[in-house]
Amino acid sequence: MTHEIAVIPGDGIGQEVTPAAVEVLEALEPDFEFVEAEAGDAVKDETGEALPQETYDLAAAADATLFGAAGDTAADVILPLREAVDSFVNVRPAKAYPGIDAVRPETDLIFLRENTEGVYAGHEDRLTQDVSTLTRVVTESASERLAEFACDYVAGDDHDGFSIVHKANVMRETDGLFRDTVKGVADENGVETDQVLMDAFATRVCLDPEQFDVVVCPNLAGDVLSDLAAGLVGGLGLLPSANIGPDRALFEPVHGTAPDIAGEGVANPAATIISAAMLLEYLGYDDESDRVHTAVEATLEDGPRTPDLGGDASTEDVTAAIIDRL
Ligand SMILES: NC(=O)c1ccc[n+]([C@@H]2O[C@H](COP(=O)([O-])OP(=O)(O)OC[C@H]3O[C@@H](n4cnc5c(N)ncnc54)[C@H](O)[C@@H]3O)[C@@H](O)[C@H]2O)c1
Ligand SMILES: CC(C)[C@H](C(=O)O)[C@@H](O)C(=O)O
């Protein structure tokens, strides 16, 4: 069966790491038909629109989408694209790899980030010269949907339960609803949970990441804490993600366009290639997915490595080494 894969490289290093991941997928020969589309700063400069309707429609219809990164227009591109696939959860593994100089080599975390609301669905206003406001939206239905996913997630693998990270001591209504709803669903499913305030989580995960495994959190907390975890494992070049909807999904590295290195051909393709491995698993290509994970891990351990990981290899060298090891 042919699967249509939308490929949206975007801007900056998105143009370098997305083709690298497509090369890896092509080398495995699943029955994929790749359809490329534009989004981001460059297309906005040309056409006035950061996310052309045809790109949105392509992602909404494709079996899966691979996205790179967008620059200043990132929020105008990736938030609607996540909506296009109705992705209610953003799965963000943050794992340290053998051979990589990580601040916390024992880190092995999975963030399950609420992907539809919180401040991201909020309405911002500038009321006066002095005063601006933002409404934060948390619903029982979105919290329930995330919690049900989290319960299935921990049931399907070697996990004891999950941590609920929140700030309900201050955001009593919104994060209170989030915490209570997620906990209620977990209790109904017999899944163990613990609860951690997000500020305390930030410290505890830096000091001892092994205390945590699967972390369920509101949208903005998931954004910030997954970047923090990237810092523990060796940088943003290593963090993949999967935006999962009921019957569509979008895969992207956690990082942005990296303007400081864009165009130099030295971006680390690992985050996007691991995102492609998640795409393979999502579409049922479990063996191919495992082969990609194994090849990436061997390449991270034995090299070649890009400069962010202390090496001097190019994106192309690393991609070729991963493909050789498939
Ligand atoms: N999903 C997205 O499209 C997305 C996500 C985050 C940021 N952004 C956008 O990207 C632009 C730059 O943002 P930023 O600098 O805060 O974050 P960034 O992730 O682009 O870069 C942060 C740092 O990490 C490094 N880095 C990131 N990915 C790397 C990789 N694959 N290999 C090697 N080094 C890598 C960069 O060189 C930089 O030093 C902004 O315009 C922002 O809006 C987009
Ligand atoms: C660019 C931005 C809209 C995005 C987010 O906040 O979700 C980014 O930080 C991410 O983590 O993918």
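FYI, side chains are in, hydrogens and waters are out, and symmetry mates aren't considered; it's all heavy atoms of this structure. FYI, the numbering just counts along the sequence from 1.
- In this structure, the side chain of Asp41 engages the main chain of Asp72 through a donor-acceptor pair within 3.5 Å.
- Residue Glu16 comes nearest to Gly263 through the heavy atom pair OE2-N, 2.6 Å, listed as atom of the first residue, atom of the second, then distance.
- Side-chain contact check for Asp194 versus Ile164: every heavy-atom pair is 4.5 Å or farther apart.
- Within 6.0 Å of the CG atom in Asp312, the count of heavy atoms belonging to other residues, nucleotides or ligands does not exceed 12.
- Other residues, nucleotides and ligands place more than 12 heavy atoms under 6.0 Å from the CD atom of Gln211.
- When hydrophobic clusters are built by joining Ile, Leu, Val, Met, Phe, Trp and Tyr residues whose side-chain heavy atoms come closer than 4.5 Å, directly or via intermediates, Leu66 is grouped together with Val91.
- The aromatic ring centres of Phe251 and Tyr282 sit less than 6.0 Å apart.
- In this structure a side-chain-to-backbone donor-acceptor pair under 3.5 Å is present from Thr18 to Gly14.
- A distance-only check finds no donor-acceptor pair linking the side chain of Arg179 to the backbone of His166 [under 3.5 Å].
- By the 6.0 Å contact criterion, CG on Asp286 is enclosed, its count of non-hydrogen atoms from other residues, nucleotides or ligands being greater than 12.
- In this structure, Val318 and Pro304 approach most closely via the heavy-atom pair CG2-O, 3.6 Å.
- In summary, the side chains of Ser87 and Arg82 do not present any donor paired with an acceptor at a separation below 3.5 Å, with no hydrogens or angles considered.
- Side-chain contact between His3 and Glu33 is absent, with no heavy atoms from C-beta onward closer than 4.5 Å.
- When hydrophobic clusters are built by joining Ile, Leu, Val, Met, Phe, Trp and Tyr residues whose side-chain heavy atoms come closer than 4.5 Å, directly or via intermediates, Val137 is not grouped with Val170.
- Cluster membership check: Met278 shares its hydrophobic cluster with Val214, using side-chain heavy-atom separations under 4.5 Å among Ile, Leu, Val, Met, Phe, Trp and Tyr.
- Taking both residues in full, the closest heavy atoms of Ala313 and Pro307 are given as O-CD, 3.5 Å, listed atom of the first, atom of the second, then distance.
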Pair Leu228-Cys206, side-chain contact (heavy atoms from CB on, under 4.5 Å): steps then yes or no: CA-CA 8 Å; Leu228 180 145; Cys206 290; 3.8 Å; yes
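- Annotation: side chain of Val196 is in contact with side chain of Phe212 (closest heavy-atom distance under 4.5 Å).
- Taking CG from Leu279 and CD from Glu252, the interatomic distance works out to 12.5 Å, rounded to the nearest 0.5 Å.
- Two different hydrophobic clusters hold Met171 and Leu225 under the rule that ILVMFWY side chains link at heavy-atom gaps under 4.5 Å.
- With hydrogens and angles ignored, the 3.5 Å screen pairs no side-chain donor or acceptor of Thr73 with any backbone N or O of Asp76.
- Remark: the backbone N or O of Gly265 is paired with a side-chain donor or acceptor of Thr315 at under 3.5 angstrom.
- Asp317 places a side-chain N or O within 3.5 Å of a backbone atom of Ser314 that can act as its donor or acceptor partner.
- Side chain of Ser226 to main chain of Asp223: a donor-acceptor pair is present (N/O by atom type, distance under 3.5 Å, no hydrogens or angles).
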Checking His255 against Ile13 for the side-chain contact (heavy atoms from CB on, under 4.5 Å) test, could you report, in this order, the C-alpha distance in whole Å, the side-chain angles of both residues, the deciding distance, and whether it holds? CA-CA 9 Å; His255 63 70; Ile13 63 166; 3.3 Å; yes
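- Distance OG1/Thr116 to CG/Asp86: 8.5 Å, rounded to 0.5 Å.
- Side-chain contact of Gln53 with Thr55: a donor-acceptor pair under 3.5 Å is absent, judged by distance alone.
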Let me see the working for Glu297 and Lys95 under salt bridge (charged side-chain N to carboxylate O under 4.0 Å, His left out), right down to the final yes or no. CA-CA 11 Å; Glu297 280 167 29; Lys95 175 176 159 174; 3.4 Å; yes
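- Here Arg291 contributes atom CZ and Ile322 contributes atom CD1; the two are 13.5 Å apart, rounded to the nearest 0.5 Å.
- Lys167 has a carboxylate O that lies under 4.0 Å from a charged side-chain N of Asp199, or vice versa, which qualifies the two as a salt bridge.
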Run the numbers on Leu280 and Val292 for side-chain contact (heavy atoms from CB on, under 4.5 Å), then give the verdict. CA-CA 9 Å; Leu280 284 163; Val292 175; 3.8 Å; yes
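- Each of Val216, Val165, Thr139 was checked for a side-chain contact (heavy atoms from CB on, under 4.5 Å) with Phe178, and the lone residue meeting it is Val216.
- Few gaps surround CD on Glu148; more than 12 heavy atoms of other groups in view lie less than 6.0 Å from it.
- Residues Ile110 and Arg92 fail the side-chain proximity criterion, which asks for heavy atoms closer than 4.5 Å.
- In this structure, Val17 and Asn268 approach most closely via the heavy-atom pair CG1-O, 3.6 Å.
- No continuous path of ILVMFWY side-chain contacts below 4.5 Å connects Leu197 to Val182, so the two sit in separate hydrophobic clusters.
- Looking at Glu188 and Lys183, no side-chain N of the basic residue comes within less than 4.0 Å of a carboxylate O on the acidic one, giving no salt bridge.
- Between Phe162 and Leu112 there is no side-chain heavy-atom pair separated by less than 4.5 Å.
- By the 6.0 Å contact criterion, CG on Asp57 is enclosed, its count of non-hydrogen atoms from other residues, nucleotides or ligands being greater than 12.
- Counting heavy atoms from C-beta on, the side chains of Val89 and Glu114 never come closer than 4.5 Å.
- Here the closest non-hydrogen pair linking Asp302 and Arg305 is N-NH2, 4.3 Å.
- Looking only at distances, no side-chain donor or acceptor of Thr181 sits under 3.5 Å from a matching main-chain atom of Ser143.
- Closest heavy-atom contact between Ala27 and Ile323: CB-CG2, 3.9 Å.
- Residues Val254 and Leu238 have side chains not in contact (no heavy-atom distance under 4.5 Å, counting atoms from C-beta outward).
- A side-chain donor from one of Asp308 and Thr306 sits under 3.5 Å from a side-chain acceptor of the other.
- Under the 4.5 Å side-chain criterion, counting only non-hydrogen atoms from C-beta, Val205 is in contact with Leu232.
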For Glu4 and Thr2, what are the C-alpha separation, side-chain angles and deciding distance, and is it a side chain to side chain donor-acceptor pair (under 3.5 Å)? CA-CA 7 Å; Glu4 184 177 85; Thr2 305; over 6 Å; no
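- Looking only at atom types and distance, the side chain of Thr299 has a donor-acceptor partner in the side chain of Arg325 under 3.5 Å away.
- If you take OG on Ser241 and CD1 on Ile274, they are separated by 11.0 Å, rounding to the nearest 0.5 Å.
- Within the model, atoms SG of Cys151 and NE2 of His159 stand 12.5 Å from one another, a figure rounded to the nearest 0.5 Å.
- Between Ile244 atom CD1 and Tyr153 atom OH the span is 9.5 Å, to the nearest 0.5 Å.
- Within the 3.5 Å criterion, the main-chain N or O of Glu117 finds a donor-acceptor partner in the side chain of Asn219.
- Through chains of ILVMFWY side-chain contacts below 4.5 Å, Leu220 is grouped with Ile8, Leu51, Tyr56, Phe67, Val77, Ile78, Leu79, Leu81, Val85, Val119, Tyr120, Leu134, Val224, Leu250.
- Taking a cutoff of 4.0 Å between a charged side-chain nitrogen and a carboxylate oxygen, Asp11 and Lys44 do not qualify as a salt bridge.
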